[in-house]
A.B. asks: 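Take this structure, written in structure tokens, and hold onto it; I'll ask about it next.
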2 protein chains.
Amino acid sequence: MENAFQRSLYSELDDLDYQIVSFLQDNARIPFTQIAKELGVTEKTVRLRVQQMQDDGMLSLVGVVNPIKAGIRVETIIFIAVSNTKLDDVVAELQEIPEVRLIVLTSGEYQLMTQVFTRNQEELSSFIMDKLNKIDGITRTNVIMELKVLKSKLKFIR
Amino acid sequence: MENAFQRSLYSELDDLDYQIVSFLQDNARIPFTQIAKELGVTEKTVRLRVQQMQDDGMLSLVGVVNPIKAGIRVETIIFIAVSNTKLDDVVAELQEIPEVRLIVLTSGEYQLMTQVFTRNQEELSSFIMDKLNKIDGITRTNVIMELKVLKSKLKFIR
DNA sequence: TCTGAAAATGTATTAAT
DNA sequence: ATTAATACATTTTCAGA
């Protein structure tokens, strides 16, 4: 019998993978048997595909905590310019700071973009004064407040 | 008998919630019975807490696809300045564009920060030329390439 | 806490490339 | 020859009361 789910030469995920993923994106704990029934394959097949995708690092099934609900009221983007010879050191220091959720090396006038979560303004100001400003090698920063998230498409669509 | 898991006055999540969450952050499909055994509570308690946290919007159990593995090779941050009267319209248009993963209203010289995912440079340039530049009301943009993610702490830690 | 129903797991087998 | 899908038996988990 013909297999309706052809694995593409060019994509790492085939039709079946995508369909399985689309269920799991909504609910990571949906029973494999239910996915299997909806897609007309066996539960074992679904389980195998999910396992493979996880092993390949394509798919993660994770619990995510809403930072707002967990008391994070202030989210900021801080761009950081660094003297070139100190970049590694600065990154190493930033990596140790819990308020720093994200560090990205970027093009443009600042080498680093960071996202910083704090419970309130006071925590932000003490982060900047007591931690950020004490790191050697930082030449300039640009603090941008996140006022409101207007769109967030976490789900991957082909 | 005293309850070892005190619900804090200041946090919406108590100790038990955090411990449950820390298991689910690693593996959203871990059996509740296993969490229960590790924490010395009943499976029912774990199930109830997870249900409550999900109902309250604190916790989501989701499948996440690694964009790199799914063919996304170019990630950019695009800051967008908009004439004030057109902000809503611009946001509405951006919301319809699939390459735009994230839109945040920000302080600073640009009102909007967006994150844009494309498969390659060509897709990025056609996004900018054919979509972004055709939106009425945008006065200035600043395109920043994400070169490398150096830290990404998705997990919430108290 | 208990219990039937549902789901997940493990093994062996078959099919496809 | 290797990889994936299926069938089925067993164990575990789930979701009520």
A.B. asks: Grab the CD1-C1' distance between Ile35(A) and dA7(C) for me, whole Å please.
C.D. replies: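 Taking CD1 of Ile35(A) and C1' of dA7(C), I get 12 Å after rounding.
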
A.B. asks: Round to a whole Å and report the spacing from CZ of Arg29(B) to C1' of dA6(C).
C.D. replies: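 About 13 Å, once rounded to whole Å.
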
A.B. asks: Per the end-axis method with five pairs at each terminus, what is the bend angle of the helix from dT1(C)-dA17(D) to dT17(C)-dA1(D), to 10°?
C.D. replies: 30°

A.B. asks: Give a yes/no on whether any side-chain N or O of Arg49(A) is located under 4.0 angstrom from OP1 or OP2 of dA5(D).
C.D. replies: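 Checking dA5(D) against Arg49(A), a side-chain N or O does come within under 4.0 Å of OP1 or OP2.
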
A.B. asks: For a quick check under 3.5 Å, do Asn142(B) and Glu109(B) share a side-chain donor-acceptor pair by atom type?
C.D. replies: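 Judged by distance alone, the side chains do not pair up.
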
A.B. asks: If you round to the nearest 0.5 Å, how far is CG of Leu147(A) from CG of Leu105(B)?
C.D. replies: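 Reported to 0.5 Å precision, the distance equals 5.0 Å.
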
A.B. asks: Any side-chain to backbone donor/acceptor pair from Ser107(A) onto Met145(B)? Under 3.5 Å, distance only.
C.D. replies: yes

A.B. asks: Closer than 4.0 Å, any side-chain N/O of Gln34(B) to the OP1 or OP2 of dT12(D)?
C.D. replies: no

A.B. asks: Counting only N and O atoms by type, is there a donor-acceptor contact under 3.5 Å from the side chain of Glu123(B) to the main-chain atoms of Arg119(B)?
C.D. replies: yes

A.B. asks: Work out which heavy atom in Leu94(A) is nearest to a heavy atom in Lys151(B); give both atom names and the distance.
C.D. replies: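 Residues Leu94(A) and Lys151(B), closest heavy atoms: O-NZ, 3.6 Å.
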
A.B. asks: Check whether any side-chain N or O of Thr118(A) sits under 3.5 Å from a backbone N or O of Asn120(A) as a donor-acceptor pair, and report yes or no.
C.D. replies: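 Yes; at least one donor-acceptor contact below 3.5 Å.
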
A.B. asks: Measure across Glu75(B) and Ile68(B) and return the closest heavy-atom pair with its distance rounded to 0.1 Å.
C.D. replies: OE2-CD1, 4.2 Å

A.B. asks: In whole angstroms, how far is the P atom of dA8(C) from the NZ atom of Lys37(A)?
C.D. replies: 12 Å

A.B. asks: Find every protein N or O atom lying less than 3.5 Å from an N or O atom of nucleotides 9-11 of chain C, and list the pairs.
C.D. replies:
unit_1  : atom_1 : unit_2   : atom_2 : d
dT11(C) : O4     : Lys44(A) : NZ     : 3.1

A.B. asks: With a 4.0 Å limit, can you tell me whether Thr33(B) has a side-chain N or O closer than that to the phosphate oxygens OP1/OP2 of dT13(D)?
C.D. replies: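 Checking Thr33(B) against dT13(D): at least one side-chain N or O falls below 4.0 Å of OP1 or OP2.
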
A.B. asks: Could you give all pairs that pass the side chain to side chain donor-acceptor pair (under 3.5 Å) test and reach residues 90-99 of chain A, with sequence neighbours left out?
C.D. replies: Glu99(A)-Lys131(A)

A.B. asks: Return no unless some side-chain N or O of Thr45(A) is found under 4.0 Å from OP1 or OP2 of dA4(D).
C.D. replies: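 So the side-chain polar atoms of Thr45(A) never come under 4.0 Å of the phosphate oxygens OP1 or OP2 of dA4(D).
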
A.B. asks: State, with a plain yes or no, whether a side-chain heavy atom of Val82(A) is found less than 4.5 Å away from one of Thr139(A).
C.D. replies: no

A.B. asks: Grab the CG-P distance between Leu48(A) and dA12(C) for me, whole Å please.
C.D. replies: 17 Å

